[in-house]
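Step one of this worksheet: look at the structure below.
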Amino acid sequence: MAQSGLDLFPYTRMRRMRRDDFSRRLMSENQLSVNDLIYPVFVLEGENRREAIESMPGIERLSIDLLLEEAKELVTLGIPAVAIFPVTPTEKKSLHAEEAYNTEGLAQRTTRALKEAFPELGVITDVALDPFTTHGQDGIIDDSGYVVNDVTTEILVQQALSHAEAGADIVAPSDMMDGRIAAIRDGLEQQGHVHTRIMAYSAKYASSYYGPFRDAVGSAGNLKGADKKTYQMDPANSDEAIREVALDLQEGADMVMVKPGMPYLDIVKRVKTEFGVPTFAYQVSGEYAMHRAAIDNGWLAEQPTIMESLLAFKRAGADGILTYFAKQAAQWLQQK
Ligand SMILES: NCC(=O)CCC(=O)O
Ligand SMILES: [Mg+2]
């Protein structure tokens with residue numbers, strides 16, 4: 001073997017550096033910090049309302065007044081931003097999702113309340129129609145049930161503008177319509193919202209891991225077995241994610257996202273390596289539920305498992321993580 005003796009045992013003992021805490025710390029390649037965390041929150045109509053979500057133990061839907069109390073804690077912990085998801089009452093859902101761009105809608109009122117109380121907390125809004133359609137699809141459907149791209153995009157622009165007007169710092173289109181980033185960017189520029197950032201859900205997969213989220217926002221029942229495969233991506237694909245990201249960047253996205261998270265770390269890695277842009281990953285509700293279930297059964301250790309799951313996103317190249325564990329993780333990071 002024409003290999004340098006210097007590469008061979010015992011000259012190289014990988015365990016030397018692992019022997020002590022100080023040298024393990026010195027060679028640690030990635031760290032999780034509170035600056036990496038985005039906390040998704042579910043908002044309810046009404047006052048002093050708090051509801052548990054059965055498939056997401058530990059996560060609650062909160063009315064705006066209670067969310068403001070929660071936000072105070074998040075700011076104290078140093079969490080940079082929240083992503084808000086409104087729970088739309090059934091009577092406000094419609095075929096054309098008019099409630100999505102109601103300036104007095106729940107998302108718009110929540111945004112205003114949060115920005116007024118905590119200007120330093122970044123507010124991210126969800127741009128998509130699924131919480132507002134009677135059928136739970138992310139857009140307007142034709143007679144065959146197909147989600148019509150360009151009609152949907154026009155409504156998404158109105159929705160994004162209503163969020164920006166309410167003070168949203170970041171609008172995050174999660175709908176996967178083609179061309180919506182350019183349309184939203186044009187709309188924002190035309191209305192003078194030049195500072196509003198766009199976080200594009202660029203590679204959002206038609207995944208089975210969103211089930212608990214649909215329970216949380218009450219869109220599960222409506223969907224009735226229909227899937228979202230005509231707009232969300234096939235879990236088999238990776239090159240396609242790269243094309244999606246390239247398009248969203250050309251169209252004016254400031255940040256891109258991969259979703260779900262842990263089963264798609266290869267995509268996170270490729271996106272970060274190939275584009276070198278702010279890259280985010282969403283550890284989705286199903287991932288939260290799986291971890292929570294195993295932990296609550298005593299099958300996995302709570303803190304080390306959750307922190308390992310989050311560190312893995314950093315190793316894959318994510319600049320930040322949307323995670324329902326954000327608050328808990330921030331508390332642990334503070335205690336360290
Ligand atoms: N547009 C946001 C989501 O669909 C979240 C999915 C999840 O947490 O499962
Ligand atoms: Mg796209």
Side-chain angles (χ1 to χ4, degrees), residues 38-43 53 55-56 58-59 61 82-88 100 107 124-133 136-139 147 149-150 152-153 156 159-160 163 170-185 198-220 222-223 227-228 230-234 237 239-253 255-264 267 271 275 280-292 321-326:
I38 295 171
Y39 194 39
V41 294
F42 300 107
V43 199
I53 302 158
S55 51
M56 301 180 74
I59 302 295
R61 309 179 189 93
V82 292
I84 59 177
F85 296 99
V87 181
T88 313
I124 305 174
T125 54
D126 184 48
V127 178
L129 303 185
D130 50 314
F132 309 100
T133 54
Q137 292 289 352
D138 292 29
V147 173
N149 196 89
D150 301 3
T152 298
T153 298
L156 294 172
Q159 185 184 22
H163 293 169
I170 303 177
V171 293
S174 66
D175 56 285
M176 289 298 279
M177 296 303 110
D178 290 322
R180 93 282 205 209
I181 300 298
I184 291 169
R185 179 58 80 204
I198 300 179
M199 177 186 279
Y201 285 69
S202 300
K204 178 173 181 176
Y205 286 85
S207 169
S208 303
Y209 288 93
Y210 307 144
F213 177 91
R214 290 175 191 163
D215 288 340
V217 297
S219 65
N222 309 335
L223 209 50
D227 60 48
K228 301 190 174 185
T230 71
Y231 44 103
Q232 297 178 354
M233 282 184 47
D234 182 347
N237 296 353
D239 288 341
E240 188 187 4
I242 300 306
R243 292 186 71 196
E244 286 282 8
V245 168
L247 286 166
D248 285 354
L249 289 171
Q250 275 169 26
E251 292 178 25
M255 297 160 263
V256 296
M257 194 210 292
V258 174
K259 177 182 169 194
M262 210 150 92
Y264 295 85
I267 309 298
V271 168
F275 297 97
F280 292 78
Y282 201 140
Q283 185 180 51
V284 300
S285 58
E287 300 174 71
Y288 175 84
M290 290 195 308
H291 277 100
R292 210 56 264 170
I321 309 142
L322 291 93
T323 171
Y324 302 98
F325 289 120

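Both counts, for ligands and for their atoms, begin at 1 and track the order of listing. It should be emphasised that the depicted structure is a prediction, and the values quoted were computed from it without experimental measurement.
Counting only heavy atoms from C-beta outward, the side chains of K259 and Y210 approach each other to under 4.5 Å. Considering only heavy atoms from C-beta on, F275 comes within 4.5 Å of I242 through its side chain. Counting heavy atoms from C-beta outward, Y209 and M262 have side chains that stay 4.5 Å or more apart.
Within ligand 1, counting atoms from 1 as listed, the ones closer than 4.0 Å to a heavy atom of Y201 are 1 (N), 2 (C). If you number the atoms of ligand 1 from 1 as listed, the ones under 4.0 Å from a heavy atom of Y282 come out as 5 (C), 8 (O). Which parts of ligand 1 touch K259 is read off a 4.0 Å heavy-atom cut-off, strictly below it: atoms 1 (N), 2 (C), 3 (C), 4 (O), 5 (C), 6 (C). When each atom of ligand 1 is checked for a heavy atom of S174 under 4.0 Å away, the hits are 1 (N). Ligand-side atoms of ligand 1 in range of Y324: 7 (C), 8 (O), range being under 4.0 angstrom from any heavy atom. Within ligand 1, counting atoms from 1 as listed, the ones closer than 4.0 Å to a heavy atom of F85 are 1 (N), 2 (C). Those atoms of ligand 1 that come under 4.0 Å of a heavy atom in K204, given as number and element, are 1 (N), 4 (O).
Neither the backbone nor the side chain of Y288 comes within 4.0 Å of ligand 1, counting heavy atoms alone. Contact annotation for D130 and ligand 1: no heavy atom of the residue comes within less than 4.0 Å of the ligand. Heavy atoms of S285 found under 4.0 angstrom from ligand 1 belong to the backbone as well as the side chain.
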Practice prompt. Assess whether side-chain contact (heavy atoms from CB on, under 4.5 Å) is satisfied between R185 and E251, documenting all intermediate values.
Written response: CA-CA 7 Å; R185 179 58 80 204; E251 292 178 25; over 6 Å; no
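Residues D248 and R180 come closest through the heavy atom pair OD2-NH1, 3.3 Å. Across D215 and R61, no two heavy atoms sit closer than the pair O-NH2, 3.1 Å. Shortest non-hydrogen contact noted between D178 and N149 is N-OD1, 2.8 Å. Among all heavy-atom pairs drawn from P131 and T88, the shortest one is O-OG1, 2.9 Å.
For E244, the nearest N, O or S atom to the Mg ion (ligand 2) falls under 2.8 Å.
For the pair E287 and ligand 1, no heavy-atom separation below 4.0 Å is found.
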